[in-house]
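For reference, the structure discussed in these notes is given below.
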There are 2 protein chains.
Amino acid sequence: MHTAGGRPRPPTIHDVAREAGVSRGTVSRVLNGGRNVSTAARDAVEAAILRTGYVVNRHARSLITGRSDSVGFLLTEPQERFFEDPNFNVLLRGCTEALAAHDVPLLLMIAGTEAERRRITRYITAGHVDGVLLVSSHSGDPVAVRLREAGVPLVACGKPIGQGTKVSYVAAADRDGAREMVQYLLSLGRRRVGTVTGPLDTPGGVERLAGYREVLAEAGLGADDRLIANGDYSRASGEAAAERLLAEAPDLDAVFVASDLMAQGVLAALQRAGRRVPEDVAVGGFDDSPAALATQPPMTTIRQPWGRISAEMVRVLLAQIGGEDPAAVILPTELVHRASA
Amino acid sequence: MHTAGGRPRPPTIHDVAREAGVSRGTVSRVLNGGRNVSTAARDAVEAAILRTGYVVNRHARSLITGRSDSVGFLLTEPQERFFEDPNFNVLLRGCTEALAAHDVPLLLMIAGTEAERRRITRYITAGHVDGVLLVSSHSGDPVAVRLREAGVPLVACGKPIGQGTKVSYVAAADRDGAREMVQYLLSLGRRRVGTVTGPLDTPGGVERLAGYREVLAEAGLGADDRLIANGDYSRASGEAAAERLLAEAPDLDAVFVASDLMAQGVLAALQRAGRRVPEDVAVGGFDDSPAALATQPPMTTIRQPWGRISAEMVRVLLAQIGGEDPAAVILPTELVHRASA
DNA sequence: CTGAAAGCGCTTACAG
DNA sequence: CTGAAAGCGCTTACAG
């Protein structure tokens with residue numbers, strides 16, 4: 001029997017039961033872990049499944065279990081930034097694969113506009129997804145708040161600002177990573193070390209700046225606001241920030257940049273200003289994204305363990321869907337030494 | 001009433017019917033287009049929907065309609081390349097948004113290994129998805145073949161090689177775009193114009209090379225294989241290809257590169273060899289991906305209309321799911337003039 | 001360990 | 001135009 005489109009109607013649990021000579025209940029039991037099933041019955045059912053090519057109908061299952069057996073991957077930042085950001089790819093790929101290993105499909109959702117935010121919130125709270133992997137570190141994200149209030153299992157990438165301890169998250173040790181880079185820059189003999197920060201309403205922006213400040217203070221180098229310029233993680237903002245730094249602190253001899261993409265922009269500004277990297281100004285990035293390999297010279301940077309981050313996000317989310325309490329996971333970073341510093 | 005997780009059990013069509021004082025059948029009718037429903041009934045139902053916050057249970061609907069009302073976005077190339085490729089982001093975002101406008105969720109699927117290919121093929125042919133947006137232009141892709149044989153609605157990004165006319169696709173006018181770039185390079189007075197091709201088992205690779213050859217022949221410039229080097233769309237392959245070009249044809253004065261990412265690599269090799277761009281060697285890319293803006297100098301390139309490509313892919317796929325025949329859509333490209341040529 | 005039965009929330013002919 | 005009813009393919013107490 002075929003539908004209009006020519007796709008054959010797949011076998012159901014009923015076909016398998018007939019083929020195996022058991023009841024549909026028994027088939028369902030072997031499908032769901034095989035508790036309370038005799039070996040003979042299980043074998044017969046498994047053989048029948050192979051013979052018929054049976055695949056469970058997820059809609060029927062979901063209808064009765066109330067679970068969708070799928071999760072959402074939700075972007076709530078202004079999309080441009082994310083899609084420009086090479087980290088996004090790594091994270092998305094990692095999550096897709098980790099989920100696939102559990103046979104859980106990933107639904108991609110982009111909440112760029114207010115209308116989309118409303119639509120997606122309704123979609124999620126209606127239970128069309130069992131939980132969500134949230135990529136939005138901006139504080140006061142209304143979607144995150146609404147989802148949390150609705151009791152939707154949630155795990156954020158990066159510590160959500162101002163959400164208390166109620167929401168799970170997985171993050172790299174931002175402050176430690178920043179500390180390591182700035183210490184390294186100092187170990188090179190640099191003394192006028194500037195920084196280009198991320199957005200200060202994101203945990204990465206705040207923590208990396210804090211790490212920078214701590215190390216300078218510990219080294220006895222006084223705070224100097226002329227050495228600090230804000231960026232928004234985009235390449236263009238890094239370029240603009242570097243120009244400001246150059247104008248306000250021309251004696252700059254190193255810069256710690258809070259993302260590789262911004263560091264690309266910093267490199268461009270430095271080259272335009274005739275400063276050699278690393279001879280005149282050493283540049284350290286953050287992320288170890290693909291962008292770090294595309295620069296001239298290749299970028300010395302702090303590696304974020306994206307593979308582990310995505311795997312942990314999935315693990316924590318699945319656990320929470322299974323009834324466990326929220327959890328926070330912090331993963332160590334690593335200095336990757338290349339040529340820019 | 002709440003489930004264990006604390007999520008409220010959403011209202012059903014039954015609640016809406018009671019609230020509106022009609023039968024469940026009538027509610028369903030207004031939900032599904034409102035044919036054969038009186039204005040009074042429709043108004044009552046719509047008011048009841050608002051009041052109850054009703055959202056359709058897609059699983060129940062799918063169980064009966066046999067449709068999943070979702071589509072897959074399937075990557076079957078070796079993943080590394082795709083995830084390195086900035087075009088991927090643009091395409092994925094465009095498709096997600098175009099689908100969202102139709103309220104159709106996108107499932108992201110990555111078929112990197114043979115095991116994943118098998119699992120995903122089963123998943124799709126089991127009907128868990130109504131159709132798939134296929135990103136794989138390599139010839140002989142086994143997943144594409146199996147899906148087509150199973151009658152799954154499919155639309156590819158780029159013309160699938162060797163699949164006949166049975167499968168829908170949306171593509172940019174690769175050959176015309178290549179022609180325009182090479183003509184432009186010639187108009188600059190360049191006479192030793194090389195090219196770095198894409199993989200020659202992809203339509204983009206083949207067509208862009210063909211455009212290059214045509215224009216040179218039309219200009220009366222004889223074919224010279226030393227001016228042609230193959231790449232695989234990756235940055236590193238562009239760098240290696242440029243080195244070969246420089247070794248075999250040191251008098252090179254322009255290069256048409258079949259992707260911006262490869263062109264990044266070409267720029268690096270050229271700079272290392274001490275050639276100025278564009279003074280000594282003019283470089284033209286292809287894609288107008290974000291990579292084209294990140295280079296020094298910014299890249300002159302051929303813009304692929306990604307927004308339209310993704311919108312058309314979605315349109316054609318949805319039409320096909322609705323019963324229409326396959327279709328091919330070719331979209332024009334555009335020369336974007338920047339500083340590298 | 002196993003079968004019969006109820007029911008998940010919807011859609012869709014079928015009568016009227 | 002509308003209601004009553006069947007049924008989509010599953011899971012899960014409930015008996016036995």
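Sequence lines set the chain letters: A, B, ... in the order given, protein chains first and strands last, and positions in each chain run from 1.
- Protein atom CG of B:Asp69 is 19 Å distant from nucleotide atom P of D:dC8, rounded to whole Å.
- With DNA chain C read from its 5' end, the first of the two nearest nucleotides for B:Ile64 and A:Thr26 is the one closest to A:Thr26.
- Ranking D:dT2, D:dC10, D:dA13 by closeness to the B:Asn36 side chain, first place goes to D:dT2.
- Comparing C:dG9, D:dT11, C:dT11 against the side chain of A:Leu31 picks out D:dT11 as the nearest.
- Here D:dC10 presents its C1' atom at 7 Å from CG of A:Asn57, a figure rounded to the nearest Å.
- Here the straight-line distance linking atom CG of A:Asp130 with atom OG1 of A:Thr65 works out to 8.0 Å at 0.5 Å rounding.
- Separating the CD1 atom of A:Ile13 from the P atom of C:dA4 is a distance of 14 Å, rounded to the nearest angstrom.
- Between A:Arg61 atom CZ and D:dT11 atom C1' there is a gap of 9 Å when expressed in whole angstrom units.
- Nearest-nucleotide mapping onto DNA chain D: of B:Ala60 and B:Val22, the residue sitting toward the 5' end is B:Val22.
- In this entry the distance linking CZ of A:Arg29 with P of D:dA13 reads 11 Å, nearest Å.
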What do the steps show when you test A:Leu134 against A:Val155 for side chain to side chain contact (heavy atoms under 4.5 Å, CB included), and what is the final call?
-> CA-CA 6 Å; A:Leu134 183 66; A:Val155 22; over 6 Å; no

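- In this structure, the separation between CZ on B:Arg18 and CG on B:Asp15 is 5.0 Å, given to the nearest 0.5 Å.
- Contact annotation: B:Thr12 side-chain N/O to C:dC8 OP1/OP2 distance is not under 4.0 Å.
- No contact: B:Arg58 has no heavy atom under 4.0 Å from any strand.
- The structure places OG1 of A:Thr113 at 6.5 Å from CZ of A:Arg117, a figure rounded to the nearest 0.5 Å.
- B:Ser28 comes within 4.0 angstrom of a base, heavy atoms only.
- In this structure, the CG atom of A:Leu63 is 17 Å from the P atom of C:dA6, given to the nearest Å.
- Between the CG atom of A:Asp15 and the P atom of D:dG9 there is a distance of 9 Å, rounded to whole Å.
- Whole-Å rounding puts the A:Arg24 CZ to C:dA5 P distance at 10 Å.
- Base pairing of D:dG3: its partner is C:dC14, meeting the Watson-Crick or G-U wobble criterion (both donor-acceptor distances under 3.5 Å).
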Output, in order, the C-alpha distance, side-chain angles, deciding distance and verdict of side chain to side chain contact (heavy atoms under 4.5 Å, CB included) for A:Val132 and A:Met109.
-> CA-CA 10 Å; A:Val132 355; A:Met109 310 177 175; over 6 Å; no

